[in-house]
Amino acid sequence: MQQEFKQSIDKALHNANLTGALGKFSEAYKVNRAKAYEGIDFEELRGRIATLKSFAASHLVELADQFQRNAEARGAKVFRTSDPVKVREYILKVAQDNGVKTVVKSKSMATEEIHLNPYLEKAGIEVGETDLGEWIIQLAGQTPSHMVMPAIHMTKEEVSDLFSKEVEERLTSDIPRLVKVAREQLRPKFLQADMGISGGNMAVAETGSIVLVTNEGNARLVTSLPKIHVALVGIEKLVEKFSDIAPILKALPRSATAQLLTSYVSIITGQTPNSDGSMKDLHIILMDNHRSEMAADPMFKEAMQCIRCASCLNVCPIFRLVGGHVFGKVYTGGIGTILTAWYDELKSSEYIQGLCIQCGACKDVCPAKIDIPGLIMEIRRRLVKDQGVPLLQKSIYSVVNNRRLFHGLLRAASVAGKPFSKGTKFIRHLPLFLADLTDGRSLPAIAAKPFRDVFKTIVQPKNLQEKAVFYGGCLIDFAYPEMGEALVKILNKAGVEVLFPEGQTCCGAPARYNGAYEVAAQNARDNIEALLAEQATYVVSACPTCTVALNHEFITTFESLGQSNIMPRARELAAKTVDFSTLVKKLIEEGRLTLKDGQHLGKITYHDSCHLKRTLHAEQAPRQLLQQAGYELSEMFECDTCCGMGGSYSLKLPEISAPILQRKLKNIKDTGAPLVAMDCPGCVMQIRGGMDQDGAPVRVQHTAELIAAQLKD
Amino acid sequence: MYDQFKTRAEGVSAEVHRFPTPATALDFIIGFLRDEGVADAPGRRAVWADCPFLASIDREQLAEIKGLHLQVSREQAAEAHVGISQMDWALADTGTLAQDASAIDKRLVSTLPFIHIALVPTAGLNPDMPTWLTQVQPKEMGYLSLITGPSRTADIERVLTIGVHGPERLIIIFVDELGGTH
């Protein structure tokens, strides 16, 4: 399976059509989405949606009861079940009781989830998908690769081949012509069908209404022309009030396709007349299939808020490289990983959860305010809990947690790798199975002296008024001690003495991001003890991932494990922790630190590190510092898109990490700036290594190093 | 509100007109049907779903249009070139038309033909969706339709293409002196 999964990634990455189409789409999507939300308070809107959907998730049974009463009062038949098998049987029975020979369907992910089409077809019923994208993949015998745009992975040439076969005529790849062909082919199917099957975007308890959102008009035909209409609705689509429709209809089209509203919205409440005067036979199936278990889980209940817009797919730097099929057959992308883990089983997400690089881009745009990366981390944690930490990983953690041993080993490897570093600060090639690590990126040579030893040789001025504890983190300690030296120089200038407690250890991110929460918790305890032992005003770090660990993740790790006794100390540490740029900006504002005047340092571009921007929300501080120092800031395209490092991600999935890096390098070079700054030593490692192999004359620096050179005497 | 509606609706490829009276709107429609070549021939006919507008005009004028049917069957609608119906409301902030479409002929004429002409009483303009939702009673209106521009898809290579299963053209005609059903 592991091998199969790696092969599917490889296949996707080598599909130029796929990566080309998805790449272009994702770039346009960001711009169009922003335009569609112009003048709208997104935070307020998604707050309302999260509240109303969360309420529904806490009252599933009451709302389903109420929905059933109201829909049945208007002549609908409501069938409720938790079992996908019973759903299929029910639909088949309705079909057989009414002599149904052909069915037309509008798009429904719930029917994909229960594999309805093959079941009905086996019983001799002809099933026709009518959404253009769904019809294309039905003809191709494929599964959807995207929740909203199921055939986004296919080119017009592939579509024209499929359609040519269907109409037995050689068609060109002219898209409007292909769409016409679909209209002509599907129209008779609509008119002849005995049954229409739809999904439902919302089910309103207060009125018993189902709401259908489409662009093509096929749902209108599916629900109007056949005399029988079956709507399959997952119970996560329940909302309490009729007025709840408004906020969801405001967000769904904007987030899904950057439209203000889709071409068609149908609100169906009970039976309506058919064209022969008879009344519509309307069946609404409310399907559970593990949804109420999800709602009962204190952490995953949040995922019930999803409105299925798929914006988490559209902004994902991984999805745009590998597409949907790598994720599985039904739900894809970030939210798809979570839904698969529940609707199928936890184990089904074993490999796909590893695709998430934890950049947080999806969390920023989710209109239902779901912490998708957080929930994927929780899946990781539960998988490790079920299956244990692999032995190799375990031995790695024991090394990482012993700082002297870790540095010794790294240094030994680095020295052994001398022939590969050729006297530069880089390791450009590694032999054998390690070769992937230096494919497109050089690795930093390990410093002869770790920062913890360098620190002892730094002479700090006497009688400084304030103290700050410096948390180094692995990369500054072992690879980039000069960043630590720059930080000490700057803080000293501002009258702050820097302390470096020897007891500090790994921040636990590597363990945590691999689901090994027990290891991460021990790291957290060791660090809390070491960092709070000193009396200091601040705990400062020049690595955003470490900063996030110190001021967010220690707490959430303890919460996940139910370790509450340490919580007050964790909160005390969190309150003191600050990232480098935010602290320095504050010191400048307080008049304790001054930069040289009137400098003209030329053009610079800035790369946003994921944790600095999306967790710490500190993306303005470094920009202001650099501009104040005299740099002329020239923003790059997609400045806040991940560089592909993601800690150990680049070691586990180098084939995905590398193309993400290439895109970043291109965006940096396109600005024409000879210098790029960032606040994360991990990003420096990734991007500096990439520039080295690329050969472009662009310097890659941590903001601390650049600011340290511009202090006024 | 009308100006906002017009901007939004035209932004999604609808065509928007406004007339003071049913009679002036009718002149426009008759001219439009003539220009579109509506005739009593397969694929050239027009269908018009029953609505208050029809009660407010001189029906004699309609008799002159060959191929126009006021009794709508699904077969007629399926092979009509133009479908005409009256909408009940309009939402200014998205350029959306809204209708109690419980009567199926209203859905047939607005979905199956290539061109949909939508008549709207100007008084039916609402600023936005939340306002509109407070005015409708879903329990009395089994099928509420919202229409924003013509039928569209971007399912092949994300290229926007107008007119998939529904109409290729949506002609919206506001009539100031027109009563509605709601």
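In what follows, chains are A, B, ... by sequence order, proteins preceding strands, each numbered from 1. Note that the structure is predicted; figures quoted are calculated from it, not measured.
- Of the atoms belonging to A:Asn70, it is side-chain heavy atoms, and not backbone ones, that fall under 4.5 Å from chain B.
- Residues A:Lys156 and B:Val159 are not in side-chain contact: their nearest non-hydrogen atoms beyond the backbone lie 4.5 Å or more apart.
- Contact of B:Ser73 with chain A is not made at all, since no heavy-atom distance falls under 4.5 Å.
- If you run side-chain contact (heavy atoms from CB on, under 4.5 Å) between A:Leu260 and each of B:Thr148, B:Val12, B:Leu91, B:Thr94, only B:Thr94 comes through.
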- Just do the side-chain contact (heavy atoms from CB on, under 4.5 Å) check on A:Phe242 and B:Lys139 with the steps written out, would you? CA-CA 11 Å; A:Phe242 191 63; B:Lys139 290 186 184 181; over 6 Å; no
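- Between A:Leu221 and B:Thr111 there is a side-chain heavy-atom pair separated by less than 4.5 Å.
- Within the 4.5 angstrom heavy-atom criterion, only side-chain atoms of B:Thr96, from C-beta onward, approach chain A.
- The distance from atom CG of A:Leu132 to atom OG1 of B:Thr153, rounded to the nearest 0.5 Å, is 4.5 Å.
- For the residue pair B:Arg152 and A:Gln259, the shortest heavy atom distance occurs at CD-NE2, 3.4 Å.
- For the pair B:Arg74 and A:Phe190, the cation-pi test (distance below 6.0 Å, angle within 45°) is failed.
- Contacts of B:Asp93 with chain A are made by backbone atoms alone, with heavy-atom separations under 4.5 Å and no side-chain atom involved.
- For A:Ile136, the part sitting under 4.5 Å from any heavy atom of chain B is the side chain, from C-beta outward, and nothing else.
- Interatomic distance, CG of B:Leu112 versus CG of A:Leu191, reported as 6.5 Å (0.5 Å rounding).
- B:Glu157 contributes atom CD, which lies 5.0 Å from atom CD1 of A:Ile175 (distance to the nearest 0.5 angstrom).
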- Message: Applying side chain to side chain donor-acceptor pair (under 3.5 Å) to A:Thr223 and B:Tyr143, what does each step give before you reach the verdict?
- Response: CA-CA 10 Å; A:Thr223 57; B:Tyr143 202 116; 2.6 Å; yes
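- Contact count against chain A (heavy-atom pairs under 4.5 Å) is highest for B:Gly166 among B:Gly166, B:Gly95, B:Ala154.
- Only the side chain of B:Arg158 comes within contact range of chain A, with heavy atoms under 4.5 Å apart.
- Here B:His165 contributes atom NE2 and A:Ser106 contributes atom OG; the two are 10.0 Å apart, rounded to the nearest 0.5 Å.
- Residues B:Arg107 and A:Ser224 come closest through the heavy atom pair NH1-OG, 2.8 Å.
- Across all non-hydrogen atoms, the minimal contact from B:Leu108 to A:Ser275 is CD1-CB, 4.3 Å.
- Nearest heavy atoms, A:Pro150 versus B:Asp155: CD-OD1, 4.5 Å.
- Within the 4.5 angstrom heavy-atom criterion, atoms from both the backbone and the side chain of B:Pro167 approach chain A.
- Heavy-atom distances place both the backbone and the side chain of B:Ser151 under 4.5 Å from chain A.
- No other option in B:Ser145, B:Ala103, B:Gly11, B:Gly149 has as many heavy-atom pairs under 4.5 Å with chain A as B:Ser145.
- Neither the backbone nor the side chain of A:Lys250 comes within contact range of chain B; no heavy atom of the residue lies under 4.5 Å from a heavy atom of that chain.
- The OG1 atom of B:Thr161 lies 11.5 Å from the CG atom of A:Asn215; values are rounded to the nearest 0.5 Å.
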